[in-house]
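The sequence lines fix the lettering, A, B, ..., with proteins before strands; numbering per chain opens at 1. Both backbone and side-chain heavy atoms feed into the values below; hydrogens, waters and symmetry mates do not.
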Number of protein chains: 2
Amino acid sequence: MRTTIRDVAREAGVSPSTVSRALSMPGLVNSVTRERVLRAAQRLGYEPNRAARGLITGRTGNLGLIVPDLANPFFPSLVKGVQARAREADYAVFLADSDEDPAAESDLVRVLAKQVDGLILCSPRGREEDILTLAATTTLVMVNRRFGRVPSVVFDNSDGIRQAVAHLAALGHHRVAWVGGPRTSWSNRDRIRALRSATDAAGMDLYVAGHFPPQFEGGIAAADLIIASGVTSVVAYNDVMALGLLGRLRDRGLRVPQDISVIGIDDIQMSSMSSPTLTTVSLTKAQAGRAAVDLLLSLLEQPDGVRKPRRELPTQLLVRASTGVAPTD
Amino acid sequence: MRTTIRDVAREAGVSPSTVSRALSMPGLVNSVTRERVLRAAQRLGYEPNRAARGLITGRTGNLGLIVPDLANPFFPSLVKGVQARAREADYAVFLADSDEDPAAESDLVRVLAKQVDGLILCSPRGREEDILTLAATTTLVMVNRRFGRVPSVVFDNSDGIRQAVAHLAALGHHRVAWVGGPRTSWSNRDRIRALRSATDAAGMDLYVAGHFPPQFEGGIAAADLIIASGVTSVVAYNDVMALGLLGRLRDRGLRVPQDISVIGIDDIQMSSMSSPTLTTVSLTKAQAGRAAVDLLLSLLEQPDGVRKPRRELPTQLLVRASTGVAPTD
DNA sequence: CAGACTTCTGCAATCGCTTTCAGACTTCGG
DNA sequence: CCGAAGTCTGAAAGCGATTGCAGAAGTCTG
């Protein structure tokens, strides 16, 4: 049997109300009594039942986090950030992985929404109307996607990509290719837009190599198109794809960076372990997780009072070994 | 305002009790009434409040999952398995990452334990007494560690490692090194034991290269020792370390597998993307997650009636490009 | 057709906690 | 020394569900 507030009350010789107050609103209770209660609670190893508390306060002390695919190294980092910040704020985290399936996602959301105070949603391709419906009934924060007035945490893709293009230009490249991620993904659209404006500004040619699944295989699939296009440099939708690209380029006999320069986006762990190590636009993933929790918590405290329910996190080009001077042919 | 059971009752023109029964024990209620209730619930979008239900039934419908480090690719796979199986069984999953810190772990456990029906614990180095205390108060299943009578899901390391050694022997290797993980890790001990008995049986020399952090850096750190030892083949505690090893070996000018063969354990995604691709002992990580949930659920149903609260999952050597014929010098 | 069973439904208690309200006791100004 | 204000504490209601118990209606048997 778990110890309840009544046990503590009996042990301390006070009423349950006093125990409750001593624990959650000290100051309302005499310091001597409080001390006695705290010691009794300690002695009995009492931990309040959150469900019961939630029932009356309307707050569960839980957050929900929905990610499309935990196997993509981007997300574990994010989750860790969310986790860590949530724990600091004394919240527990429900995690759900939708397996890239928008339908499963809706289900998850419906089930989770009832059990949490707020939801952090990474749903690059969920339908906009679903998101609106959801936002109407739940406090939620979106990560890596901006949509309407829904609170969000995104990365400043433009800046990072501008840095990447500047880097390539400085190395003498004039032709750059884009290896695209999923057509419907918000960040894919955001990134290609940023890349286009950066290459335009720099007077570089841009070759867009369609859409590929955001996985290693996607990068492999894109490689031959890239080679055929004759570009000297390429920016990929994310690091995983860039690594796939790297592998296939090598298999085709191209040397990176001597023959072609490759840049990824994300800065996942593996990108510093590949060979050559990958130049990439680094995203502060854990920080995004923390920021999402912060935003969510402030929304919970003052539902309408948050001045700017949008956070944009800085990005930073990390130059490693996969970029080099443009080949002179 | 969320719709409660009373709303549904009013809408359907019955009492709350009837609604409750119609939803959770149909058959006890007239089919016509039931139909009416279900439609009303549907119309109002009613979802029972799990906290309230849990309060009286004593079941939360939640599971807890504690992992040491989500950044290690082994764990996301496990988490996905847990997730998927839990969802099928209509359970939600609390995830906590202890950041490899046993102290944080105890805290997490204490907080989570109150909110879940059972706990899945991946705690390679938690103190044994802590685990016992925990097991006494909570239903829990350990993954990747076997200890006392605590229910567990582990991999059959012996078999996989035996396959690996047989593979090396067949390639003509006589000297093999072990790149060890954390000294206190259960699976590290289990694996070195398995390796030792396999090499003994095969009449091979075994060189044990101490203990290293189970990360990429650990593999890098071990590489020079390995080179100095003069072995022709090496088995690493896990894939991440094997990849680190691969990188450093190349930097030192050794060719894999011509000069030295490398085998990992885990079969993480990256091991099929490295160059050379990594021969590895494949573990069915997602399946382990599912098995852990299954075991946990059956323990919840019949606390003492589970015949064999231990599952051992098969392992399988995956031969890829990092192993080859032993060099003849 | 009365009495015994079934079958179905509603009342009310309860889970563990928070919170309003009011009472008991101090303290203090007049 | 009395009344008002202030400080603490306890009794009780209630959050949203489940469930034992009992009554109402219907069915069956002799």
Can you tell me how far apart CG (Leu95(A)) and CD (Gln83(A)) are? Round to the nearest 0.5 Å. 8.5 Å

All heavy atoms of Leu78(A) vs all of Lys285(A), minimum pair found to be CD1-O, 3.5 Å

Let me know the distance between CZ of Arg53(B) and P of dC15(D), rounded to the nearest Å. 19 Å

Rounded to the Å, how far apart are Leu28(B) CG and dT6(C) P? 15 Å

Identify whether any heavy atom of Ser20(B) sits under 4.0 Å from a base atom; if not, whether one sits that close to sugar-phosphate; answer base, sugar-phosphate or nothing. base

Over how many whole Å does the gap from Arg50(B) atom CZ to dT18(D) atom P extend? 12 Å

Check: Asn49(B) side chain, Ala51(B) main-chain N or O, donor-acceptor pair, under 3.5 Å: yes

Gap between atoms CG and C1', on Leu23(B) and dG16(D) respectively (whole Å): 13 Å

What I want to find out is whether Glu11(A) reaches Arg39(A) closely enough, with some N-O distance under 4.0 Å, to be called a salt bridge. no

If you round to the nearest 0.5 Å, how far is OG of Ser152(B) from CG of Asn144(B)? 10.0 Å

May I have the distance from Arg59(A) (atom CZ) to dT19(C) (atom P), rounded to whole angstrom? 11 Å

If I take atom CG from residue Leu300(A) and atom OG1 from residue Thr139(A), how far apart are they, to the nearest 0.5 angstrom? 5.0 Å

In terms of side-chain geometry, is the basic nitrogen of Asp90(B) or Arg50(B) positioned less than 4.0 Å from the acidic oxygen of its partner? yes

Interatomic distance, Met25(A) CE vs dC8(D) C1' [rounded to whole Å]: 14 Å

Lys/Arg-Asp/Glu bridge criterion (N-O < 4.0 Å) met for Asp69(B), Lys80(A): yes

Treating primed atoms plus P, OP1 and OP2 as sugar-phosphate and everything else as base, which nucleotides of nucleotides 10-15 of chain C get B, S or - for protein heavy atoms under 4.0 Å? BBB-BB

Using atom CZ of Arg10(B) as one end and atom P of dT9(C) as the other, report the distance to the nearest whole Å. 19 Å

Under 3.5 Å for both distances, Watson-Crick or G-U wobble, that's the pair rule; now give the dot-bracket for DNA chain D, with | marking pairs to another strand and [ ] for crossing ones. ||||||||||||||||||||||||||||||

Rounded off to whole Å, could you give me the CG-to-C1' distance for the Asn30(B) and dG26(D) pair? 12 Å

Under a 3.5 Å threshold, yes or no: a donor from one side chain and an acceptor from the other, between Thr60(A) and Asp117(A)? yes

Considering just the side-chain nitrogens and oxygens of Thr33(B), establish if one lies under 4.0 Å of OP1 or OP2 belonging to dT9(C). yes

